[in-house]
Amino acid sequence: MASDDLHSDWAAWLDAELAEAEAAALRGHRQERRRRRLRRALAWAGAVTLAAGLGFGLVYTAQHGPSPRPAVSASPTPAG
């Protein structure tokens with residue numbers, strides 16, 4: 001009878017340990033998935049910000065930049 005009680009105690013302890021380990025693994029998996037989504041969102045936001053900034057810079061430079069210089073054609077000099 002004491003053997004059955006001991007076995008029951010060990011089985012209950014093992015079940016509790018396994019349940020705790022499984023819960024910890026699930027929490028870790030969820031945290032990693034959350035971190036991965038956050039990193040992906042930050043990368044997309046950074047890429048969009050960079051593209052918008054470059055686009056704005058190009059448009060601004062095209063509208064307000066230095067005026068283009070006329071092309072200078074090289075005229076042949078008379079050899080003399």
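Heavy-atom basis, side chains included; hydrogens, waters and symmetry copies ignored.
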Exercise. Looking at CG of L54 and OG1 of T49, how far apart are the two atoms once the value is rounded to the nearest 0.5 Å?
Worked result: 11.0 Å
Residues sharing [X]'s hydrophobic cluster, by side-chain heavy-atom contacts under 4.5 Å among ILVMFWY, directly or via others?
X	answer
F56	Y60
W44	none
L26	none
V48	none

Exercise. For R33, does the CZ atom have more than 12 heavy-atom neighbours from other residues, nucleotides or ligands under 6.0 Å away?
Worked result: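 Enclosed: over 12 neighbouring heavy atoms sit under 6.0 Å from CZ of R33.
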Problem set entry | R39: partners by side chain to side chain donor-acceptor pair (under 3.5 Å), with sequence neighbours left out |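 Listed in chain order: E32.
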For this session: Using the test side-chain contact (heavy atoms from CB on, under 4.5 Å), find all partners of Q31 that sit at least two apart in sequence or belong to another chain.
Result: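 Counting only residues at least two positions away or on another chain, Q31 forms a side-chain contact (heavy atoms from CB on, under 4.5 Å) with R34, R35.
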Problem set entry | Residues in side-chain contact (heavy atoms from CB on, under 4.5 Å) contact with E17, at least two apart in sequence or another chain |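 E17 satisfies side-chain contact (heavy atoms from CB on, under 4.5 Å) with W13, E20 only.
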Seminar exercise, completed: Residue pairs passing the salt bridge (charged side-chain N to carboxylate O under 4.0 Å, His left out) test with at least one member in residues 43-57, sequence neighbours excluded, are none
